[in-house]
Colleague: 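Let me give you the structure first, and then I'll get to my questions.
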Amino acid sequence: MERGAGHRTGSALFAGFRALGLFSTDIPHVVRFSALKRRFYVTTCVGKSFHTYDVQKLSLVAVSNSLPQDICCMAADGRLVFAAYGNVFSAFARNKEVVHTFKGHKAEIHLLQPFGDHIISVDTDSILIIWHIYSEEEYLQLTFDKSVFKISAILHPSTYLNKILLGSEQGSLQLWNVKSNKLLYTFQGWKMGVTALQQAPAVDVVAIGLMSGQVIIHNIKFDETLMKFHQDWGPITSISFRTDGHPVMAAGSPCGHIGLWDLEDKKLINQMRNAHSTAIAGLTFLHREPLLVTNGADNALRIWIFDGPMGEGRLLRFRMGHSAPLTKIRYYGQNGQQILSASQDGTLQSFSTIHEKFNKSLGHGLVNKKRVKRKGLQNAMSVRLPPITKFAAEEARESDWDSIIACHQGKLSCSTWNYQKSTIGAYFLKPKELKKDDITATAVDITSCGNFAVIGLSSGTVDVYNMQSGIHRGSFGEDQAHKGSVRGVAVDGLNQLTITTGSEGLLKFWNFKNKILIHSMSLDSPPNMMLLHRDSGILALALDDFTISVLDIETRKIVREFSGHQGQINDVTFSPDGRWLITASMDCSVRTWDLPSGCLIDSFLLDSAPLNVTMSPTGDFLATSHVDHLGIYLWSNISLYSVVSLRPLPTDYIPSVVMLPGTCQTQDVELSEETIEPSDEMIEYDSPEQLNEQLVTLSLLPESRWKNLLNLDVIKKKNKPKEPPKVPKSAPFFIPTVPGLVPRYAPPEQNNDPHQSKVVNLGILAQKSDFCLKLEEGLVNNKYEAALNLLKELGPSGIETELRSLSPDCGGSVEVMQSFLKMIEMMLDRKRDFELAQAYLALFLKLHLKMLPSEPVLLEEMTKLSSQVEENWIHLQSLFNQSICILNYIKSALL
């Protein structure tokens with residue numbers, strides 16, 4: 001057992017499936033135009049892979065295969081997408097598979113520029129390499145001194161054949177002819193580092209973004225500055241020009257604002273403030289369309305349309321996830337298709353495990369929606385609620401009123417949310433008599449009927465509210481339910497019991513209706529969190545000493561205790577059937593405990609500590625969220641589609657590190673090779689014919705082979721035909737013919753032998769069967785396995801014929817009958833094929849009972865056989881009686 005567990009790689013129960021809620025990083029997007037489909041496509045980087053969206057509906061078209069490391073820069077031409085990771089970059093065809101890989105850089109690549117049949121790459125050491133795309137060969141290499149000219153931007157000016165423009169962090173720019181490997185011209189610059197280069201719609205004109213926030217419109221043919229613009233928001237991150245007839249330039253900034261500049265009037269015409277909550281990673285105007293595509297590190301991809309009279313942009317379409325790490329995730333509903341997630345960015349969102357088009361955001365929580373509408377959206381930031389720390393949801397009455405209750409960081413009042421309307425609800429639930437700011441809501445739960453919310457406070461008070469009206473419906477305890485802060489509340493499935501636990505280490509059971517304390521018990525350590533599995537009545541408590549206690553709420557006793565985590569337990573979840581308890585801890589491990597056996601059956605490590613873990617109500621996926629990660633990671637349940645060994649792990653088991661899944665479905669090529677090697681866990685168990693010599697073992701033959709042997713005469717009489725079959729009058733379908741050129745009918749065959757006897761030759765019937773011959777051999781060598789195997793292959797009629805032919809009247813002999821009885825004795829001695837021995841012996845006695853007393857040899861064998869059968873049956877009957885008594889006791893006993 002230990003050897004098999006020790007050779008396990010990763011998790012035996014869960015395999016990485018894919019990530020949800022990831023749409024963009026700080027890598028600029030790439031816009032491509034498909035001449036075949038006449039459509040624009042935008043590609044955004046997501047960790048180790050990239051997404052391709054159709055701009056028309058912003059629907060996901062393709063997800064690329066994963067790369068070994070995170071993508072650090074991207075570029076694209078009309079056919080291929082190029083993505084760099086570390087000092088290597090690859091070319092992707094059809095937005096999915098890698099077709100070319102380019103290796104040669106020694107430092108990390110940070111710039112890529114397609115150049116016809118070539119691709120230009122620049123690394124952080126300012127080494128520029130030009131590659132031929134299809135042969136993957138190096139065409140030219142240029143080395144620059146980082147202290148003098150460190151390349152920070154690259155551009156191929158329109159109509160400039162074989163020429164590239166390079167910008168540096170020192171501020172100067174250089175124009176190179178890459179075919180002749182010559183420096184054509186050096187632009188002195190503006191004593192500020194170049195951050196962005198963009199071709200203007202006019203030939204010879206280039207926009208240059210600087211570290212100071214300036215945008216220089218420069219003519220590189222005459223080295224003349226045409227105009228200058230200045231933004232006070234920091235360095236220019238990206239630049240783009242409208243090409244639909246309006247002379248407008250857009251410039252991005254690190255604080256998420258976008259400035260729109262009129263090139264004719266040379267003035268700022270509009271500001272798109274807070275277009276993203278983080279720096280603008282990339283912005284691109286679509287060719288000859290009033291559409292602006294932007295993305296940022298806030299995990300958002302947005303498309304803006306400029307159709308207003310003042311040239312302002314409005315949001316047209318977007319794909320957005322959380323812009324800050326998650327605080328809580330839980331499955332919503334019973335179909336396992338929606339996951340609710342709360343984040344430190346203050347939003348509550350729902351992600352679909354089926355398709356991205358079913359994702360929706362419930363938005364930010366606002367303290368007073370009416371005041372925000374009255375004063376405008378500019379003041380919305382000041383009235384936003386703090387991030388949600390805990391929430392509970394129930395879909396039973398979601399169409400009637402709010403179905404989600406949430407408590408916020410540092411807030412006393414809890415907010416309600418409406419899932420169907422995708423907005424914050426009408427009520428803020430808090431006790432009217434409490435006005436202190438230092439008291440906060442720490443635990444929430446909602447009843448299975450969806451009518452009541454139970455809220456625990458840091459002061460130890462536990463209150464009940466009506467979800468429909470928001471009215472306070474009572475409190476547990478006279479003054480407060482606990483002396484310390486409430487760490488968890490739960491209500492059973494029938495609204496009979498309410499369970500609360502506090503930081504003082506007490507667990508209390510209350511009557512839900514009259515709020516009376518039923519039972520109180522002390523825990524070994526203060527609890528960190530609590531979770532109730534309503535269907536089974538099992539309560540899990542994660543304690544501060546890194547252990548887990550499992551209670552039965554019916555008996556109110558601890559039924560299981562688990563230890564092994566080396567850090568704070570962040571979250572726990574049950575499998576839908578209540579058999580598994582899955583825990584996530586700050587020691588970066590996810591462990592699965594089997595509740596019936598009380599053993600650890602699975603454990604694996606992650607490179608980032610899991611903060612939340614939740615199991616699908618259908619049991620197909622496990623969802624996790626992690627420290628400093630913006631996505632939700634799905635793990636498929638291997639036990640649903642494969643044979644999994646649930647053997648307990650040894651105490652010295654060291655789990656291995658598993659990588660987080662990417663946005664595409666994981667392709668485990670390496671694992672498939674490893675599974676070819678047989679391991680103790682994957683070898684199928686072959687049951688021996690007899691587990692132990694002392695155990696009575698039955699055969700594997702069907703009942704039809706032996707159960708009706710004594711009733712064969714009745715069955716034959718029942719199945720006897722009532723009348724003989726009639727000969728058909730019609731001629732045969734095929735009339736026999738004689739072969740030849742002329743077809744002739746063949747005459748009927750006539751019997752020309754007049755001396756042929758009509759009496760049956762008895763010599764043929766007098767031949768002994770194979771069964772009789774094997775019995776005669778067994779009488780000599782005392783081995784009856786061959787004879788028994790022949791008998792097992794026969795049907796009921798064949799068995800009766802063989803046993804009937806054992807008597808001397810039918811061609812047998814007394815010795816053969818004695819050998820048959822010895823075969824039955826051998827079967828009873830070995831305690832194998834027990835039911836066959838009984839059936840064969842009963843049929844033998846039925847057929848030959850009149851003859852047995854006249855033969856002393858057979859009578860002696862029958863005497864020994866009778867005592868042996870009686871001994872075996874008495875032993876079996878005592879075991880049967882014992883089992884029946886135990887079953888009757890279990891039925892009648894009051895547990």
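Just so we're clear, the structure is a prediction, and the values are computed from it rather than from any experiment.
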Colleague: With no hydrogens and no angle check, is any side-chain donor or acceptor of R560 less than 3.5 Å from a backbone partner on C599?
Modeller: no
Colleague: Decide whether S59 and D54 meet the rule of one side-chain donor and one side-chain acceptor closer than 3.5 Å.
Modeller: no
Colleague: Any chance CD of E693 has more than 12 other-residue heavy atoms, nucleotides or ligands included, within less than 6.0 Å?
Modeller: no
Colleague: Does the plane of the ring in F92 sit parallel, tilted or perpendicular to the ring in F50? Use 30° and 60° as the thresholds.
Modeller: perpendicular
Colleague: Against the six-membered ring of F509, is R556 placed for a cation-pi contact (under 6.0 Å from the centre, within 45° of the normal)?
Modeller: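 Flagged: R556 positioned over aromatic ring of F509.
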Colleague: Among I329, T327, I632, whose side chain to side chain contact (heavy atoms under 4.5 Å, CB included) with N612 holds?
Modeller: I329
Colleague: Under a plain distance cut-off of 3.5 Å, with no hydrogens placed, do Y419 and S350 share a side-chain donor-acceptor pair?
Modeller: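 Their side chains do contain a donor-acceptor pair, which is all the 3.5 Å distance test asks for.
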Colleague: Assess the side chains of E394 and S448: does a donor N or O sit below 3.5 Å from an acceptor N or O?
Modeller: no
Colleague: Could you label the plane-to-plane angle of the F23 and Y53 rings as parallel, tilted or perpendicular, counting under 30° as parallel and over 60° as perpendicular?
Modeller: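 Because their plane-to-plane angle lies in the 30° to 60° range, the rings of F23 and Y53 count as tilted.
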Colleague: Quick one: side chain to side chain contact (heavy atoms under 4.5 Å, CB included) partners of D628, sequence neighbours excluded?
Modeller: P325
Colleague: Can you give each donor-acceptor pair under 3.5 Å made by side-chain atoms of residues 563-570, sequence neighbours left out, with the distance rounded to 0.1 Å?
Modeller:
unit_1 : atom_1 : unit_2 : atom_2 : d
H565   : ND1    : D587   : OD2    : 3.4
H565   : ND1    : S589   : OG     : 3.3
H565   : NE2    : T583   : OG1    : 2.7
Q566   : NE2    : G564   : O      : 3.2
N570   : ND2    : P610   : O      : 2.9

Colleague: For M529, does the CE atom sit with more than 12 other heavy atoms under 6.0 Å from it, leaving out its own atoms?
Modeller: yes
